[in-house]
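Contents: one structure, followed by commentary.
Numbering of ligands and ligand atoms starts at 1, following listing order.
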Amino acid sequence: MRAVVFEEFGGSVDVRSVADPTPAPDGVVVEVHATGLCHSDWHAWAGHDGGVALPHVPGHELVGPVAAVGADVRRWKVGDRVTTPFVCGCGRCQWCRDGQAQVCPDQTQPGFTHWGSFAEYVALRAADTNLVAVPEVVGDAAAAALGCRFATAYRALNARAAVRSGEWVTIVGVGGVGLSAVQVAVAAGAKVVAVDRNPAALALARSLGAEHTVLADGHDVAAEVHDLTGGGSHVAVDAVGTAVTCADAIHCLRRRGRHVQVGLLPGVGGHPAVPMDRVIAWEIDVLGSHGMASVDYPGMLRLVEAGTLRPQALVERVVGLAEGARLLPLVDTAAPVGVTVIDPRRS
Ligand SMILES: [Zn+2]
Ligand SMILES: [Zn+2]
């Protein structure tokens with residue numbers, strides 16, 4: 001099969017012919033019809049993820065039909081159209097049995113712990129635990145955004161922050177996951193403040209229902225959010241993952257607010273300083289959120305089918321493998337506001 005491959009971290013990225021994958025006994029092989037290009041893929045290429053072995057094929061936001069099934073798989077057959085969370089649980093441990101596969105100690109992640117979906121085919125483990133059927137009404141490009149960005153935003157705001165109608169939600173960083181969070185918060189009846197350095201991203205956030213936008217141009221973002229929200233946000237999401245955006249998000253909160261950390265703070269940045277003085281004095285809840293298990297997808301998919309959540313609104317362009325390979329090193333510096341989707345069937 002054709003795949004996007006890199007041999008060294010930060011090095012060249014090429015499309016080449018590699019061996020077709022075969023399914024593990026509990027796994028499947030999926031024919032990739034669409035796969036999102038995500039900032040996490042850039043982190044894997046840059047060498048920020050300790051689990052990546054070289055040579056490597058990135059990609060973790062995928063959709064397509066099942067092409068081959070392992071002998072022990074019970075729930076899936078060839079031809080089923082599926083996606084998967086980027087965190088795949090083992091299916092056997094206490095966390096997986098409790099429906100919390102997103103924190104499975106034996107998790108696998110396509111595009112990180114093994115070869116991913118920037119290829120014509122991808123192998124996925126523990127299929128009975130991790131695959132999600134995709135409704136016909138959800139197109140390929142839209143579905144590619146579900147397994148990482150939308151699922152992450154959905155779980156962060158609903159299962160972790162327990163956002164309620166009428167609350168203020170401040171989202172720091174409105175790239176793919178941040179714009180997903182804008183939609184999820186608006187769908188929950190919350191009032192959204194979007195914060196970003198990029199005016200075009202803020203314009204898109206406003207078009208998706210954000211009530212206010214704040215340009216992070218070096219001024220006191222938290223003070224502006226406190227003014228706009230009459231005393232601070234009830235919920236804040238750091239969808240970027242730097243020491244500055246994490247602290248900004250926490251300082252945007254009102255007393256007893258809830259902070260959700262979604263943006264990855266990769267090893268290269270170390271363990272960032274978190275304003276724990278504010279966390280203590282104002283009784284701020286600091287919550288981590290790490291993807292979403294497949295068992296939690298039906299609620300999100302119902303909102304997508306109803307048109308309340310519109311992942312397709314985030315898709316900016318669909319490209320082939322070669323263009324995807326060219327774009328991967330540029331994600332950190334030159335990515336467009338919206339989501340780039342790779343269709344490996346294109347030349
Ligand atoms: Zn992703
Ligand atoms: Zn597990």
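Looking at Asn158 and Val163, their side chains come closer than 4.5 Å, going by heavy atoms from C-beta outward.
Ring geometry, Phe86 versus His60: the interplanar angle exceeds 60°, so the pair is classed perpendicular (tilted spans 30 to 60°).
Atom CG of Leu62 is separated from atom NE2 of His33 by 11.5 Å, given to the nearest 0.5 angstrom. The distance from atom CG of Leu179 to atom CG of Leu202, rounded to the nearest 0.5 Å, is 9.5 Å. We find the CG-NE2 distance between Leu54 and His56 to be 8.5 Å, quoted to the nearest 0.5 Å. Here Leu208 contributes atom CG and Leu309 contributes atom CG; the two are 10.5 Å apart, rounded to the nearest 0.5 Å.
Not a single N, O or S atom of Asp41, from either the backbone or the side chain, sits less than 2.8 Å from the Zn ion (ligand 1). Distances from the Zn ion (ligand 1) show that His39 has no N/O/S atom below 2.8 Å.
The SG atom of Cys148 and the SG atom of Cys38 meet at the Zn ion (ligand 1) at an angle of about 120°, given to 10°.
No donor-acceptor pair under 3.5 Å is formed between the side chain of Trp76 and the backbone N or O of Val28.
Counting just the N/O/S atoms of His60, the one with the shortest distance to the Zn ion (ligand 1) is named NE2. The Zn ion (ligand 1) lies closest to atom OE2 when only the N/O/S atoms of Glu61 are considered.
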Can you give the donor-acceptor pairs under 3.5 Å from side chains of residues 272-295 to other protein atoms, not counting sequence neighbours?
residue: Glu283; atom: OE1; partner: Arg256; partner atom: NE; Å: 2.9
residue: His290; atom: ND1; partner: Gln102; partner atom: O; Å: 2.9
residue: Ser294; atom: OG; partner: Thr129; partner atom: O; Å: 2.5

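Protein N/O/S atoms nearer than 2.8 Å to the Zn ion (ligand 2) total 4.
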